[in-house]
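Take a look at the structure set out below.
Numbered from 1 within each chain, the chains take letters A, B, ... in sequence-line order.
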2 protein chains.
Amino acid sequence: MSRSIAVIREEFIEQVGLIAQAELLPRIAGRLMGLLIFDGKEYSFSELAEALQVSRGSISSSVSLLTAMGVIERTAKPGDRQDYFKLSEDPYNTFFQRALRRAEKAHKTIQETRNAVPKDKREIRGRLKEYENFYTALMKALDSTS
Amino acid sequence: MSRSIAVIREEFIEQVGLIAQAELLPRIAGRLMGLLIFDGKEYSFSELAEALQVSRGSISSSVSLLTAMGVIERTAKPGDRQDYFKLSEDPYNTFFQRALRRAEKAHKTIQETRNAVPKDKREIRGRLKEYENFYTALMKALDSTS
DNA sequence: TATATTGTTCAGTAATAACTGAACAATATG
DNA sequence: CATATTGTTCAGTTATTACTGAACAATATA
């Protein structure tokens, strides 16, 4: 007996919530994303709260986060005062960029430390350089795809 | 007036703690790593607790985490009962692998969902495929470097 | 053998982030 | 105008995770 499509959908939404957590996003934001991916339609603000069974406050912060990230877009329906939301054109590219920004930040910190260490401390600078190189490589890898 | 090397060191250690947090690791584990990178020498178990000003319990969990990850190695000094720790040969490669494993897990989840969705639900499967493709690309990018 | 040292475990606490829901401003609708 | 609806904010709560420190087993040393 195979699972019903409704169960598959529910489980997927929860799983995307967990994936989001592993990417340092709030779980509700992930579930919202999962919902929009699976259903592929626009949801109104209140429909989101209803579908995910969370407070309007949570929807508000999740949609502004995902909108800022470029994962979803706010749309409007004629004759309906509510905001509607749908997946944006390229929802996933953001995640590359997020990872890239984290890497850049770490890289910058390490580089600044290395520059601050006197030139004659060669071993320290060498170890910092190696650490830095890791992020250089990561940035390059992420850059090539996004 | 430039900062003293001691201050630069302290700040670096704290910064690596923050970088670690952004990579989903406990802050103390990051500070420990920062300490070993900067100083480039072996530290004993109790020296680590002293240097980072944390409990032995924290050192214990941090060293086992970092050891399991392959970031540090446990060593021994003749005539000293204590465990010593140093950066491993290739401490940074682990981070690629970590990211890779996260991506693989997400990829697997999405793929399983897609396979569970009936073939005639073409739009749903299509959207899942796109989501899956993101992780395929990420895996490829990470794979090329590590 | 007794005492000390070492590293682990785990129960309890602290710190942090997510989430709720009520208050609110803004706007619509009767 | 009054009432309802919408989305945001924020204070308070809940949930989660990190961290501490005491108890402990294992081993060393006197």
Begin from the C-alpha positions of A/Phe96 and B/Phe134 and carry the test ring pair (Phe, Tyr, Trp, His ring centres under 6.0 Å) through to its verdict. CA-CA 9 Å; A/Phe96 277 119; B/Phe134 159 72; 5.1 Å; yes
Quick one, which residues of residues 56-64 of chain A touch DNA chain D with a heavy atom under 4.0 Å? A/Arg56, A/Gly57, A/Ser60
Report the distance from atom [atom1] of [X] to atom [atom2] of [N], rounded to the nearest whole Å.
| X | N | atom1 | atom2 | value |
| --- | --- | --- | --- | --- |
| A/Leu18 | C/dA18 | CG | C1' | 14 Å |
| B/Leu65 | C/dT9 | CG | P | 13 Å |
| B/Leu24 | D/dT16 | CG | C1' | 13 Å |
| B/Gln53 | D/dG21 | CD | C1' | 15 Å |
| A/Phe85 | D/dT6 | CZ | P | 12 Å |
| A/Leu48 | D/dT8 | CG | P | 12 Å |
| B/Asp83 | D/dT27 | CG | C1' | 12 Å |
| B/Tyr84 | C/dT5 | OH | C1' | 13 Å |

Does A/Arg81 contact D/dT5 through a side-chain donor or acceptor facing the base, at a distance under 3.5 Å?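 A donor-acceptor contact between them is present.
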Would you call B/Arg127-A/Asp39 a salt bridge at under 4.0 Å N-O? no
Under-4.0 Å salt bridge between B/Glu104 and B/Lys108: no
Verify, without hydrogens or angle tests, whether A/Glu47 (side chain) and A/Ser44 (backbone) share a donor-acceptor contact under 3.5 angstrom.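 Yes.
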Selection from [options] that lies nearest to any side-chain heavy atom of [X]:
| X | options | value |
| --- | --- | --- |
| B/Gln82 | C/dT6, D/dT20, D/dG7 | C/dT6 |
| B/Ser55 | D/dG7, D/dT20, C/dG21 | D/dT20 |
| B/Phe45 | C/dT8, D/dT8, D/dT20 | C/dT8 |
| B/Arg74 | D/dT8, C/dT8, D/dG21 | C/dT8 |

For A/Tyr43, is the NZ or CZ atom of A/Lys41 found under 6.0 angstrom from the centre of its six-membered ring and inside 45 degrees of the ring axis?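 Here A/Lys41 passes the 6.0 Å and 45° test against A/Tyr43.
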Would B/Lys129 and B/Tyr131 count as a cation-pi pair here, with the cationic atom under 6.0 angstrom from the ring centre and within 45° of the axis?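 That pair does not qualify as a cation-pi contact.
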Under the criterion side chain to side chain contact (heavy atoms under 4.5 Å, CB included), which of A/Leu32, A/Asp83, A/Val54 is the partner of A/Leu48? A/Leu32
